[in-house]
Protein chains: 2
Amino acid sequence: MSAISRATQTESSDRLAAVQLRLENLKSILPQHDVAWAECQEVQRSPTTIAKSGSTQIKRDRSTVPIGHYRTRVARSVYKNLNWDSYSLATRALLDAVFDKETLGTKNLSGIKIDSKGRQWSATNMLDPQKISDIVQLVKRNCKVDERRIRKIIAHKCGDTASTKRIKSL
Amino acid sequence: MSAISRATQTESSDRLAAVQLRLENLKSILPQHDVAWAECQEVQRSPTTIAKSGSTQIKRDRSTVPIGHYRTRVARSVYKNLNWDSYSLATRALLDAVFDKETLGTKNLSGIKIDSKGRQWSATNMLDPQKISDIVQLVKRNCKVDERRIRKIIAHKCGDTASTKRIKSL
DNA sequence: GTTCCAATTGGAC
DNA sequence: GGTCCAATTGGAA
């Protein structure tokens, strides 16, 4: 409750970092913290290593690829076709792969909804911070672009999706 | 008229570059095109050169410094105190020095005004493109930051000024 | 009181 | 239809 009221007052996407930090700290205690990034797995995977990889239960799905510390899974077909020359397009493609349009159209980065007069915060309005973190970190790595700009693209994507959803429902 | 109608349709701040290009082309024909930047003049000015500088009529005012291709003049006191570590603050300070609050609060970069339903373009709504160009080029030079971001700050400054003006008038 | 930020919105391509 | 852009707006630091 204190977390919610604090968030209602001051949580903006940037200061949301505090929340993510808490999550990150929790995760860092877990044994799987030292995670293989998607591209590492891609590079290392050769026929001989595939045979051994059955020992972990994570590899059950070969059509998806895990990204980031939280192992958010992205369809391999999407991952392979990502265009890293444009961090905007890459981010948007990842968002489409990780979330459905309903989620993108109804949630946003901070969980803050703005209607006429005032903003309200609700956890249900927030995109899964772990998945967002995974996407941001991946794009940041591959495009070497400021994290803020990536989050801006995500916010934009949410706005665009909500907009088209609204238009369609007329 | 065709220029206006074209602008009404498609002129965004970025495509405003076309307009500025025309202006720039005109100016480039003039003899003063090869302009000394403010910092160059600052560096070169020694007691001996000051004595000679009376030959040009531009130097009449020693309390201001010219910046950019269009020799927009900025108060020397402001120029000396610019903080180039923050392109945002530097840009805002320059705007305050070049324009008055009334201008900043009523005009914007593109000349497009948006009220409920539709946008309208008018040259009188546009900040002097030459002065804007001077500021942008100067900040770009000293902060090595993308021109778009500088223009974004300018747009923001206009928005902020208009906002406070509106609140004050209540 | 100014700066900064994020969401929203409408238009353009 | 999706992407990008600029202006607007309200709240926060």
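Each chain gets a letter, A, B and so on, in the order its sequence line appears, and its residues count up from 1. When reading the values below, keep in mind they use all heavy atoms of this one structure, side chains included, and skip hydrogens, waters and symmetry mates.
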Counting side-chain heavy atoms from CB outward, which of C/dT3, D/dG2, D/dC4 is closest to B/Asp96?
C/dT3
Would you mind reading off the distance between A/Ile153 atom CD1 and D/dC5 atom C1', rounded to a whole angstrom?
11 Å
Considering only side-chain heavy atoms of B/Lys157, which listed nucleotide, C/dA7, C/dT3, C/dT9, is closest?
C/dT3
Length of the NZ-P vector between A/Lys113 and C/dT8, whole Å:
5 Å
Are B/Arg148 and D/dC5 close enough that a side-chain N or O sits under 4.0 Å from OP1 or OP2?
yes
Under 4.0 Å: is that the gap between some side-chain N or O of B/Arg149 and OP1 or OP2 of D/dA6?
no
Between A/Gly159 and A/Lys152, whichever has its closest DNA chain C nucleotide further toward 5' is A/Lys152
From the list C/dT9, C/dA7, C/dC5, which nucleotide is the closest neighbour of the side chain of A/Ala155?
C/dA7
For B/Glu147 and B/Lys140, the nearest pair of non-hydrogen atoms, with its separation, is OE1-NZ, 3.2 Å
So, does A/Ser110 get its side chain near the phosphate of C/dA7, meaning an N or O under 4.0 Å from OP1 or OP2?
yes
Position toward the 5' end of DNA chain D (nearest nucleotide), A/Arg92 or B/Asp160
A/Arg92
Starting from P on C/dG10, measure out to CD1 on A/Ile167 and report it in whole angstrom.
8 Å
Provide, to the nearest angstrom, the distance between the CH2 atom belonging to A/Trp121 and the C1' atom belonging to C/dA7.
17 Å
Using atom CG of B/Leu104 as one end and atom P of C/dT3 as the other, report the distance to the nearest whole Å.
10 Å
Any non-hydrogen side-chain atom of A/Leu94 less than 4.5 Å from a side-chain atom of A/Phe99?
no
Polar side chain donor-acceptor pair, B/Asp100 to B/Thr103, under 3.5 angstrom:
yes
Whole-Å distance separating the CG atom of B/Asn108 from the P atom of D/dA6:
11 Å
Just the rounded figure in Å: distance from P of D/dC5 to NE2 of B/His156.
16 Å
Counting the atoms with a prime plus P, OP1 and OP2 as sugar-phosphate, which does B/Lys168 contact under 4.0 Å by heavy atoms, base, sugar-phosphate, or nothing?
nothing
Taking CG from A/Asn125 and C1' from C/dA6, how many angstroms apart are they, rounded to a whole number?
14 Å
Going by atom types alone, do A/Asp160 and A/Ser163 pair a side-chain donor with an acceptor below 3.5 Å?
no
Can you check whether A/Lys165 has a side-chain N or O nearer than 4.0 Å to OP1 or OP2 of D/dG2?
no
Check: A/Ser122/A/Thr124 side-chain N/O donor and acceptor closer than 3.5 Å
yes
